[in-house]
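Below is one structure; the comments refer to it alone.
Since we're looking at a predicted model, the values are computed, not measured.
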Amino acid sequence: MFNKIANVLSIVSFVMVASMSGGAYFGYKYVTSENFKAKVMNEILGNVQGIMPKMLDQGLPEMTSPAMPIPKKQMKFID
């Protein structure tokens, strides 16, 4: 009786390990595919394009200043 139970449990264990390994393999192949990259990029760009016009209208200043202040007179170095 114990042998039958052990055999059934080992078969169930093998089926579980095989299905998990197969699922991980096909999941990895899907995530690294060009189709998945294109789908994700289209989703991200669609969301960003919907937000950008609103953000640009609110966030752009009328006038900007130079990135760094320009010194009025140059320093002279001692030779």
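With side-chain heavy atoms closer than 4.5 Å counting as contact, directly or through intermediates, the hydrophobic cluster containing Tyr25 also holds Phe26. With a 4.5 Å cut-off between side-chain heavy atoms of Ile, Leu, Val, Met, Phe, Trp and Tyr, the cluster of Val12 takes in Val8, Met16.
Remark: Asn3 CG to Ser10 OG distance equals 10.5 Å, nearest 0.5 Å.
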Pairs under 3.5 angstrom only: tabulate donor-acceptor contacts from the side chains of residues 34-46 to other protein residues two or more places apart or in another chain.
| unit_1 | atom_1 | unit_2 | atom_2 | d |
| --- | --- | --- | --- | --- |
| Lys39 | NZ | Tyr30 | OH | 3.3 |
| Asn42 | ND2 | Ala38 | O | 3.3 |

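Checking side-chain atoms of Ser19 against main-chain N and O of Val15 turns up a donor-acceptor pair under 3.5 Å.
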